[in-house]
Amino acid sequence: MARLDSSNRSEASRGAWAAEEDRKLAQVIEIHGPRRWKLIAAKAGLDRCGKSCRLRWMNYLRPNIKRGNISDQEEDLIVRLHKLLGNRWSLIAGRLPGRTDNEIKNYWNSHLSKKMKQNEKQKKVSRDEKIETLSNIITKGSLEGPSTRDDETNNYNVGKEVVFDCSSHEEPLNMEWMSKFLELDERWLDFV
DNA sequence: AAGTATACCAACCGCGAGCGC
DNA sequence: GGCGCTCGCGGTTGGTATACT
């Protein structure tokens with residue numbers, strides 16, 4: 001059974017913070033420092049729980065907070081860090097001065113996750129198209145069109161520039177073989 | 001202009017970890 | 001070791017603004 005969190009479910013008020021509440025909170029933190037949040041809430045005479053005070057401070061009132069307008073550079077960094085760290089927002093935020101974990105999480109959920117999904121979808125379509133091209137070359141023996149076979153080197157030439165090097169692979173060139181090849185050498189797809 | 005859908009973001013909630021008693 | 005308190009994190013909710021029909 002889940003442990004009850006004494007800082008939750010208090011009788012404290014909820015909802016948006018008023019400017020007056022912000023002012024009182026900042027005043028108390030200036031004196032006592034940003035710790036012992038329950039005490040801070042009491043000292044400030046706020047009808048808020050300590051947890052709520054902490055959140056307000058961390059995400060809004062803390063000095064040096066940057067708000068809004070995430071730059072392209074920052075966005076790029078978020079994407080790369082998310083790739084590396086996953087949903088570890090506080091770690092990601094730690095790399096972006098002035099940004100809070102909550103802001104980054106919100107930004108990811110409202111902007112970047114959609115963007116990423118679109119990219120993935122596009123990637124998949126493009127990969128499927130490439131595989132279909134390969135499949136046509138192999139299953140239909142279709143060395144017509146843009147592809148040719150060089151009998152001396154045993155290579156498949158696709159288009160003007162691309163050479164599919166078969167010299168290190170055994171015939172027959174079938175789909176099973178090809179899928180194994182693709183798993184091993186995804187780079188090849190980029191050529192087709 | 002009014003109603004509805006969607007996007008955005010501040011705030012809330014549940015949970016786990018750390019610490020002192 | 002057990003308990004209560006505090007803190008921090010990540011997921012989720014809900015209110016408001018904006019876009020769309």
Side-chain angles (χ1 to χ4, degrees), chain A residues 1-132 179 182-184 186-187 189-190:
Chain A
M1 188 182 153
R3 190 161 61 95
L4 282 176
D5 185 339
S6 59
S7 62
N8 285 335
R9 298 267 184 211
S10 69
E11 298 301 316
S13 70
R14 300 177 51 177
W17 280 67
E20 180 63 11
E21 288 180 299
D22 283 346
R23 194 187 57 74
K24 283 180 181 171
L25 180 61
Q27 223 167 32
V28 173
I29 289 172
E30 201 172 316
I31 297 165
H32 296 279
R35 65 190 84 86
R36 308 289 307 274
W37 293 103
K38 208 174 176 178
L39 183 77
I40 285 172
K43 289 264 181 197
L46 294 171
D47 189 21
R48 300 272 183 179
C49 64
K51 182 180 258 189
S52 182
C53 291
R54 177 190 164 271
L55 203 69
R56 183 63 178 170
W57 173 259
M58 298 300 281
N59 290 333
Y60 200 85
L61 297 175
R62 201 160 41 115
N64 305 323
I65 294 245
K66 271 193 224 167
R67 308 194 60 73
N69 294 333
I70 290 190
S71 68
D72 290 347
Q73 260 184 333
E74 286 176 310
E75 184 180 305
D76 181 56
L77 191 54
I78 292 168
V79 170
R80 283 190 289 142
L81 286 170
H82 186 268
K83 220 176 223 175
L84 200 68
L85 302 168
N87 292 359
R88 298 173 72 181
W89 306 116
S90 59
L91 281 179
I92 295 173
R95 297 280 174 186
L96 289 144
R99 300 294 184 187
T100 68
D101 54 354
N102 206 37
E103 186 178 19
I104 289 168
K105 180 173 59 184
N106 282 332
Y107 189 72
W108 179 270
N109 288 333
S110 55
H111 296 85
L112 296 178
S113 65
K114 283 175 213 155
K115 221 174 183 177
M116 292 302 115
K117 270 180 200 160
Q118 271 180 350
N119 282 355
E120 282 304 309
K121 207 173 169 184
Q122 186 53 47
K123 244 182 184 173
K124 191 185 177 306
V125 168
S126 141
R127 187 183 193 279
D128 288 348
E129 281 169 357
K130 287 167 180 177
I131 286 174
E132 196 185 339
S179 46
L182 289 174
E183 279 169 26
L184 289 172
E186 188 80 18
R187 288 166 305 157
L189 284 170
D190 295 333

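To find a chain, count down the sequence lines: A is the first, B the second, and so on, and within it residues start at 1. None of the values given here were measured: they were computed from a predicted structure.
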Item to check | Spatial distance of atom CD1 (A:I29) from atom CD1 (A:I40) [nearest 0.5 Å] | outcome: 4.5 Å

Checklist entry - Hey, does the side chain of A:R56 come within less than 4.0 Å of B:dA11's phosphate (OP1/OP2), counting only N and O? => result yes

Item to check | Basic-acidic side-chain contact under 4.0 Å: A:K24, A:E21 | outcome: no

Checklist outcome for this item: One should read off an interatomic distance between A:L25 CG and A:W17 CH2, to the nearest 0.5 angstrom, of 5.0 Å

Checklist entry - What's the CH2-P distance between A:W17 and C:dG15, to the nearest Å? => result 18 Å

Next on the checklist: Output the rounded distance in Å from CZ (A:R36) to P (B:dG18).
Outcome noted: 20 Å

Checklist entry - How many Å lie between CG on A:N69 and C1' on B:dC9, as a whole number? => result 14 Å

Checklist entry - Donor-acceptor pair, A:R54 side chain versus A:G50 backbone, under 3.5 Å? => result no

Item to check | Check: A:L91 and A:D101 side chains under 4.5 Å, non-hydrogen atoms | outcome: no

Checklist entry - Measuring from A:I70:CD1 to A:I78:CD1, what's the distance to the nearest 0.5 Å? => result 4.5 Å

Checklist entry - When rounded to the nearest 0.5 angstrom, what distance separates NZ in A:K66 from CG in A:L96? => result 7.5 Å

Checklist entry - Once you round it to whole Å, what is the distance between P of C:dT6 and CH2 of A:W57? => result 19 Å

Checklist entry - Where the side chain of A:D101 is concerned, which of C:dC9, B:dC8, B:dA11 is the nearest nucleotide? => result C:dC9

Item to check | Between P of B:dC9 and CD1 of A:I65, the distance in whole Å | outcome: 15 Å

Next on the checklist: Can you tell me if A:R54 touches the phosphate of C:dG8, counting only side-chain N or O atoms and a distance under 4.0 Å to OP1 or OP2?
Outcome noted: yes

Item to check | For DNA chain C, the dot-bracket pattern of Watson-Crick and G-U pairs whose distances stay under 3.5 Å, | for other-strand partners | outcome: .||||||||||||||||||||

Checklist entry - Distance check: side-chain N/O of A:R48 vs OP1/OP2 of B:dC12, anything under 4.0 Å? => result yes

Checklist entry - A:N109 near the nucleic acid: base, sugar-phosphate alone, or nothing, with a heavy-atom cut-off under 4.0 Å? => result base

Checklist entry - Between C:dT6 and A:K38, is there an OP1 or OP2 to side-chain N/O distance shorter than 4.0 Å? => result yes

Checklist entry - Which atom names give the shortest non-hydrogen contact between A:M58 and A:I65, and what distance separates them? => result O-CD1, 3.3 Å

Checklist entry - Between C:dG11 and A:N87, is there an OP1 or OP2 to side-chain N/O distance shorter than 4.0 Å? => result yes

Checklist entry - Residues in side-chain hydrogen bond (donor to acceptor under 3.5 Å, both in side chains) with A:D76, at least two apart? => result A:R80

Checklist entry - Between A:H111 and B:dC8, does any side-chain N or O lie under 4.0 Å from OP1 or OP2? => result yes

Next on the checklist: What is the separation between atom CG on A:L55 and atom P on C:dT12, rounded to the nearest whole Å?
Outcome noted: 17 Å

Checklist entry - Under 4.0 Å between a side-chain N/O of A:S90 and OP1 or OP2 of C:dC9, yes or no? => result yes

Checklist outcome for this item: When rounded to whole Å, the CZ to C1' distance for the pair A:R62 and C:dG8 reads 12 Å

Checklist entry - Side chain of A:N102, base of B:dA11: donor and acceptor closer than 3.5 Å? => result yes

Checklist outcome for this item: A:N106 has its side chain closest, among B:dC12, C:dT6, B:dC9, to B:dC9

Item to check | Close side-chain approach of A:D22 and A:R56, heavy atoms under 4.5 Å | outcome: yes

Checklist entry - How are the rings of A:H82 and A:W89 set relative to one another: parallel (under 30°), tilted (30 to 60°) or perpendicular (over 60°)? => result parallel

Checklist entry - Under a 4.0 Å heavy-atom cut-off, which of residues 22-32 of chain A touch DNA chain C? => result none

Checklist entry - Across the strands shown, which category fits A:R88 at heavy-atom distances under 4.0 angstrom: base, sugar-phosphate, nothing? => result sugar-phosphate

Checklist entry - Is any side-chain nitrogen or oxygen of A:W89 closer than 4.0 Å to OP1 or OP2 of C:dG11? => result yes

Checklist entry - Quick one: A:E103 CD to B:dC8 C1', roughly how many Å, whole number? => result 12 Å

